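Only one structure is covered here, and it is reproduced in the block below.
Quick caveat, the model's predicted, so the values are computed rather than measured. A note on names: the letters A, B, ... follow the listed sequences, proteins ahead of strands, and every chain is numbered from 1.
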Amino acid sequence: MESKYNPAEIEEKWQKTWAEQGLDRTSTDTSKPKFYALSMFPYPSGNLHIGHSRNYAIADVIARLKRMQGYRVLQPMGWDAFGLPAENAAIERGVPPAKWTYENIAHMKKQLGMLGLSIDWSREIATCSPDYYKWTQWIFLQFFQAGLAYQKEAAVNWDPIDQTVLANEQVDNEGKSWRSGAIVERKLLRQWFFKITAYAEELLKDLEQLTGWPDRVKLMQANWIGKSVGAYLEFPIVGSEEKIGVFTTRPDTVYGVTYVVLAPEHPLTKKVTKSKQKAAVEKFIKEVSAQSEIERTAEDKPKRGIPTGGQAINPFTGQKIPIWIADYVLYEYGTGAVMGVPAHDVRDFQFANQNQLPIQVVIVPPENVETFHEKPLQEAYTEPGTIVNSDRFDGMASVEAKGAIVQYAEEKGWGKARIQYRLRDWLISRQRYWGVPIPIIHCPNCGAVPVPEADLPVKLPEDVEFSGRGASPLAKLDRWVNVACPSCGTAAKRETDTMDTFIDSSWYFLRYPDANNDRQAFDPAKTNDWMPVDQYVGGIEHAILHLLYSRFFTKALRDRGLLNFDEPFKRLLTQGMVQATAYKNPVTGKYFPPESVDRSNPLDPDTGEALKVFYEKMSKSKYNGIPPEEVVGKYGADTGRMFVLFQAPPEKDLEWDDAGVEGQFRFLNRVWRMAVEFVEQPSAQKPEKSKTRSPLPPLKRGDSPLSKIEKDLRRAIHTAIKEITEDLEGEYQFNTAVAELMKLSNAMGEANCKDSPVYAEGIYTLVLLLAPFAPHIADELWHRLGNTESVHIQAWPKFEPEALIAEEITLVIQIMGKTKGTIQVPSQTTKEEQEKLARESELARRFIEGKEIKKAIVVPEKLVNFVIIP
RNA sequence: GCUCCUGUAGCCCAACUGGAAGAAGGCGGUCGUCUCAAAAACGACAGGUUGUGAGUUCAAAUCUCACCAGGAGUACCA
């Protein structure tokens, strides 16, 4: 038997053994409680780097812990396999997308295998497989029948690089595409949408139940949904039957409205414009529409507007007020028109001042009702206050006036209460090839007709050409496009758009519990049994996108009677990125591979300029991605796992550090040596062999009571069990859990009782506690200790409370909050006894002699603080 | 601009619900043991105003306020 720790050998051996024994298969023993551990499935880009593995290592530790704790655990894996890179590979290199994708999957699956993850591969799914996307199409049809999928013409985000439209969620705050980084353009197109807005209120409200989610993710979703409570009010147009509807959150300011503004795109613009203004208005609209979205909404840009010459009536005051159009009013939000209250809105104030529009104060600060009018307003007063100049509402508090004015408006028929959301419907069609075909046939007689269920899947044709230009390859494929209408038989055409790939990932977690079902998307009984996901692990970048869409899908499918729960992910852990050193020329922006530069003096090999050295997210383009093979080959997967778990708390970014990796390797070596020496030592107290799932194999204990050394070691052992279990069950502090493992190993090394059964208990416990983190070495050592079954099916150790009790404890003595020293006192004494012992101690007496003690503060088992009168 | 997070030794990071100026663990550093030497291993050590300033408290890294620095989200949403 080799006595040196050889990770390459044992890792391969155990991975093979586990596979043969089916150790990673999902248990079907329903007498056990279930635990569904899920990592966000990867896009098969071709290569895994060590950054990805952090995600899987975290989920794997949790899955392995839960298995040892007696749960039946589902930890599946799959591939988010549709998407543009495959298509780009086809355009650039002529490789068919399917071939490219499946080859990448094969390679990445091998890489994942090296990490020793306890994944049930019998449930593997790939979203690009017809077995899977058949059901994506089926779900689309469910949505279509429920009125949740519809077509409309809308101004949409067009990505000029990827040649497709994008959903709002997929455009960042700089107006750039999430994928290509291109500035998106506005286009008016007829597209497919999912009616996610129908669930706006529930998506917002149910965030409250997600107590296992990080607050910031919930906050981001709440902001994205953007609920505003206010009123819809109508302003009749002078000389017309029509009215301008506006949404406002400040109905309490309606008596201060001095003008109304329409968005330039607003259809009423043409009707209200007087002939004198026509030319100027048209010119203005042309200028605005020529601007890009970002130009138009730039922060420091002055608000530009122009009068239409038309007038409206403020029904509350009966006054005639001018109608303007301005670029700061967004057509897409609310009604595309706003009421102007310059006295009480920052933007309106700025706009009114620029354009010499009147300002009417209707709310004043409650403390200076009398004097507020004496000076002209310097800025908008947006705080609550007392209502003035508002007829019957004068003197009312503005917060109360909100409701009163809305009620009054309802009585008079001028408007009503309204809740407005920022969330828009989800644009789901994409003008690309490598995605799920939308199962719709457009018939000249019947309109949009769903493909009958029996004809699913609508397969993606494989013999297509990729030019990379113009319309999607599907649109050019006549023999695929032309089809008879399923309803009336007339010559009709297939929908040639494919679905947003975020649809594929909005339900994959529902498929895993029943991944090989060829008759249903999933058997509701199985999915309802396993769902919701107990622990979901993934990147923060999906805080809105994937996580919001999945919540929407869950609720929509629940309402179709397919699911019996409201939320898909009970607990969410958003892990930080793994960063590595990147070398960049700050002038040219070019990155260099670390091996091409001198690390002590990094210079650009081409120009000789000094390079900037910094940590950045691992990526191919920055030459700083570390392939798992490199780490696994050098130190083994166990070391790699230990490092990413230890180096930083899971939600924080982590900096790759070669020296730190070596530190973990050293630690595993130390554990190895300790266990092997124990096995080889003849005098060691080996426990009886046991096949049972008892917390620990029963130890042979002598009759003699434990020595102090043994008691101290035992306390260290059980403290480690307690701390590590808490770290893994509560807030997921893998970094401190690993530190506890190290502490235990240090305590073992120092303990001078290698022949004691307590030492044996320590060895066994250390290996068991190590198992979720470093599964290979743990199983190898477990077997070397004489066990015949895997460490991973053993019961997780439980700490014994009495083992934690120390005989003596240290009490801190403070005088006026200043520490003066410590005394040793017996443990398990009362607060009063502790105070008495402290008071009588020589240490305290030195300070309190002859002084009056005002009071003594006792923190049990910790300190006694005397407050004295000097 | 608004909202949120972070700020502890050369570096990464601990510190339970406020409770020791002995702050866990790791990396790096220094010194020693071992060795012909080195690596590995083992042992020992290393003066840090807990970003700054104020406040609350018997007691503050921990609570409050202001400021500084870094990061994230969001941005004319009416």
For B/A78, does either OP1 or OP2 sit under 4.0 Å from a side-chain N or O belonging to A/Arg422? no

Using whole Å, report how far CG of A/Asn865 lies from C1' of B/G18. 13 Å

I would like to know whether A/Glu842 and A/Arg845 meet salt bridge (Lys or Arg N to Asp or Glu O under 4.0 Å); could you show each step before the answer? CA-CA 5 Å; A/Glu842 207 192 320; A/Arg845 276 209 301 234; over 6 Å; no

Sorted by position of nearest nucleotide on RNA chain B, 5' first, the leading residue of A/Leu811 and A/Gln647 is A/Gln647

Side chain A/Asn735, main chain A/Phe646, donor-acceptor under 3.5 Å: no

With RNA chain B as reference, determine whether A/Ala739 or A/Tyr333 sits nearer its 5' end, using the nearest nucleotide of each. A/Ala739

Could you please name the option among B/A72, B/C13, B/G26 that lies closest to any side-chain atom of A/Lys652? B/C13

Side chain of A/Thr335, backbone of A/Ala337: donor and acceptor closer than 3.5 Å? yes

Using a 4.0 Å heavy-atom cut-off across all strands, classify A/Asn669 as base, sugar-phosphate, or nothing. nothing

Pick the C1' atom in B/U56 and in B/U64, then give their distance to the nearest Å. 7 Å

Closest to the side chain of A/Leu219, out of B/G25, B/A78, B/U3, is B/U3

Measure from the side chain of A/Ala659, starting at C-beta and using heavy atoms only, and say which of B/A20, B/A78, B/G28 lies closest. B/G28

Using Watson-Crick or G-U wobble geometry with both distances below 3.5 Å, tell me the partner of B/G48, or none. none

Would you indicate what A/Gln814 reaches in the nucleic acid, counting non-hydrogen atoms under 4.0 angstrom: base, sugar-phosphate, or nothing? base

Listed nucleotide nearest any side-chain atom of A/Met742, set B/C13, B/A78, B/G26: B/G26

Contact class for A/Asn223 vs. all strands (heavy atom < 4.0 Å): base, sugar-phosphate, or nothing? nothing

Rounding to an integer number of angstrom, what distance separates B/C42 and B/G10 when you compare their C1' atoms? 25 Å

A/Gln733 near the nucleic acid: base, sugar-phosphate alone, or nothing, with a heavy-atom cut-off under 4.0 Å? sugar-phosphate

Does a side-chain N-to-carboxylate-O contact under 4.0 Å join A/Glu287 and A/Arg304? yes

Tell me whether the side-chain N/O atoms of A/Arg666 come closer than 4.0 Å to OP1 or OP2 in B/G28. yes

Once you round it to whole Å, what is the distance between P of B/C27 and CZ of A/Phe665? 14 Å

Touch check for A/Gly334, heavy atoms < 4.0 angstrom, all strands: base, sugar-phosphate only, or nothing? nothing

What interatomic distance, in whole Å, is found between P of B/G18 and the corresponding atom of B/A54? 24 Å

In Watson-Crick or G-U wobble terms, with both distances under 3.5 Å, the base opposite B/G10 is B/C27

Does the distance from a Lys or Arg side-chain N to an Asp or Glu carboxylate O, for A/Glu835 and A/Lys831, drop under 4.0 Å? no

Could you state the CD1-P distance from A/Ile809 to B/A20, rounded to the nearest angstrom? 14 Å

Please classify the nucleic acid contact of A/Thr249 as base, sugar-phosphate, or nothing, using heavy-atom distances under 4.0 Å. sugar-phosphate

Who does B/U3 pair with, Watson-Crick or G-U, both distances under 3.5 Å? B/A72

Checking contacts here: which listed nucleotide (B/A41, B/C58, B/C16) is nearest the side-chain heavy atoms of A/Lys862? B/C16

Listed nucleotide nearest any side-chain atom of A/Ala648, set B/A78, B/C13, B/C58: B/C13

Look at the rings of A/Phe351 and A/Tyr259 and say which category their plane angle falls in: under 30° parallel, 30 to 60° tilted, over 60° perpendicular. tilted

Pick the P atom in B/C11 and in B/G28, then give their distance to the nearest Å. 15 Å

What integer number of Å spans the P atoms of B/G47 and B/G71? 33 Å

Side chain to side chain, A/Arg641 and A/Gln664, heavy atoms closer than 4.5 Å: no

Of all the nucleotides listed (B/C27, B/G25, B/A78), which has the minimum atom distance to the side chain of A/Phe646? B/G25

When you get a sec, tell me which of B/A20, B/G19, B/C27 is the closest nucleotide to the side chain of A/Asp657? B/C27

Nucleotide of B/G19, B/A78, B/U74 approaching A/Leu330 most closely (side-chain heavy atoms): B/A78

Identified pairing partner of B/C63, criterion: Watson-Crick or G-U wobble below 3.5 Å: B/G55

Give A/Lys743 one of three labels, base, sugar-phosphate or nothing, depending on what nucleic acid heavy atoms sit under 4.0 Å from its own. sugar-phosphate

Figure out the NZ/C1' separation between A/Lys303 and B/A75, and round it to whole Å. 11 Å

Base partner of B/C34, which must satisfy Watson-Crick or wobble distances under 3.5 Å: none

Write down the distance separating the C1' atoms in B/U6 and B/U52, rounded off to the nearest Å. 16 Å

For the pair made of CD in A/Gln579 and P in B/C11, what is the distance, rounded to whole Å? 17 Å

Nearest to side-chain heavy atoms of A/Ile544, which nucleotide of B/A78, B/C27, B/U74: B/U74

Categorize A/Thr335 for me: base, sugar-phosphate, or nothing, with a 4.0 angstrom heavy-atom threshold over every strand shown. nothing

Could you tell me whether the phosphate oxygens of B/A24, OP1 or OP2, come under 4.0 Å of any side-chain nitrogen or oxygen in A/Asn735? no

Atom-pair distance (CD on A/Glu861; P on B/A20), nearest Å: 15 Å

For B/C12 and B/C68, measure between their P atoms and round to the nearest Å. 24 Å

Under-4.0 Å side-chain N/O to phosphate OP1/OP2 contact, A/Thr736 with B/A24: no

B/U57 C1' sits how many Å from A/Ile857 CD1, rounded? 9 Å

Determine, for A/Lys754 against A/Glu677, whether the closest basic-nitrogen to carboxylate-oxygen distance falls under 4.0 angstrom. no

Taking the side chain from A/His344 and the backbone from A/Val362, do they hold a donor-acceptor pair closer than 3.5 Å? yes

Separation of B/G7 P from A/Asp653 CG (nearest whole Å): 14 Å

Which value, in whole Å, describes the distance between the C1' atoms of nucleotides B/C67 and B/A15? 27 Å

